[in-house]
Amino acid sequence: MTDNKDTIVASRRRFIRNAGTLALTAPLISRAALDTGEGVTFAGGERPLVQFPEKRKLILVHSRPPHLETPFSVFNEGVITSNDAFYVRYHLANFPTLIDVEDYRLTVRGAVKNRLSLSLDELKAIAESVEVVAVNQCSGNSRGYSKPRVFGAQLSNGAMGNAKWTGVPLRAVLQKAGVVADAAQVYFNGLDKPVLPGTPDFRKALDIEHALSAEPLLAWAMNDEDLPFLNGYPLKLIVPGYFGTYWVKHLSDIVVLDHAFKGHDAYFMNKAYRVPDNDCMCVAPGTAADKTRPISTLPVRSFITSVTAGGHLPVARRVELKGIAFDSGSSIKTVDVSIDGGRTWKAATLGENLGRFSFREWTLATTFTQKGDAILMVRASNNNAEVQPLKADWNPGGYRRHAIESTAVTIF
Ligand SMILES: Nc1nc2c(c(=O)[nH]1)N[C@H]1C(S)=C(S)[C@@H](COP(=O)(O)O)O[C@H]1N2
Ligand SMILES: [Mo]
């Protein structure tokens, strides 16, 4: 594959985005990635880097449909994740590779007074556009650290990213369609489809109250550019504070229901992406949950980004440690750092606040006084009185890891 850029065919009235050679050729696999994140027991092993259209080299999880992880070093480049470095996740093999925005329509139907069929321009004209910086994190981010191991992609910590999203509030579109009084849920579908009739489509639902709240957005821009094709061009549902599974890509259908979403096509709500229905959303390792509920909001998390496991830092010199913290939107309250394996902790300084759904940078200047091995740890709390736990809890999906991470380094 020599042409790694997306193909953009523009004429006066047409603007076609094409995922290029995506569907036709096996992706080019280059050198093995040594990125194993922060953990000590990551089960993925070495994974190759691969290049897809509009993307820099990312970590290959699967090639069809594309499942790509962001190399962890990207998170040290800044709190905004570049479009070309943003991770990619699809479930269905029949994903779009060519979308002509002239033909594209968003339909809004179901329990509404006026069914809508909107071009992208008509959608943009519905309301004043708004912007939100928000983290999109896959429920299975860091699943490769689950102990005991669980089924599913053995992800390290790169199935997350933070971007500025521009769009119109979902509720403006729902209000234009006129939601009926007994509406209960709204489901969202994108242009990707299952290959086999028995495979459920990828559809996600929000409760009507959530859908009509100020937060969900129908976004066409990411970091002031069109959405990268693989991240959902031309339109993506943004659900700030919620796991990425709700952020439906290539959004084509919004369906208001006067009942709870159910049946075969509700598989990704009612069978997959569920957590144990208890406070910790966890069970004893290796056991099943009696009752489950759909996964929802992001727990508070933090990472060191300026050094990774196996890194070397100098003794007796000022070292600035840097990283990120985020939660579901109550805002980060504190970030504490330990350089002695958790015996003592120091408060880090929080960086610029890009909004309550964004990554928040933290920094801490420190001096190591002894040569040898050191364990660095970072722990965040939020304004909702959540603090990261020392020990990872467990659930069968390997979802929502949020324990305090440890990074083993050498002081020289
Ligand atoms: N249409 C569509 N949207 C989708 C998915 C999908 O398979 N199809 N996967 C979801 C899941 S589980 C995740 S984690 C995010 C990933 O978003 P990204 O690929 O833009 O990073 O997309 C979500 N939206
Ligand atoms: Mo996901």
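Each ligand, and each atom within it, is numbered from 1 in the order the structure gives.
Residue Q137 places every heavy atom at 4.0 Å or more from ligand 1. Not a single heavy atom of L92 sits under 4.0 Å from any atom of ligand 1. Residue Y246 places no heavy atom under 4.0 Å from ligand 1.
At a threshold of 4.0 Å, the pair D327-R301 does not count as salt-bridged, since none of the basic side-chain nitrogens sits closer than that to a carboxylate oxygen. Salt-bridge check for D224 with K164: passed, with a basic side-chain N closer than 4.0 Å to an acidic carboxylate O. Salt bridge present: D265 and R203 bring a charged side-chain N and a carboxylate O closer than 4.0 Å. A salt bridge between R47 and E69 is present, with a side-chain N of the basic residue lying under 4.0 Å from a carboxylate O of the acidic one.
If you check which protein heavy atom lies closest to atom 21 (O) of ligand 1, you get Y87 O, 2.7 Å. Looking only at protein heavy atoms, the nearest one to atom 19 (O) of ligand 1 is K249 NZ, 2.6 Å.
Here H250 and F229 bring their ring centres to under 6.0 angstrom of each other. A distance of 6.0 Å or more separates the ring centres of H67 and Y87.
Proximity of T245 to ligand 1, defined as any heavy-atom pair under 4.0 Å, is shared by backbone and side chain alike.
Considering each of G232, C138, G244, P65, the one bringing a non-hydrogen atom nearest atom 13 (C) of ligand 1 is G244.
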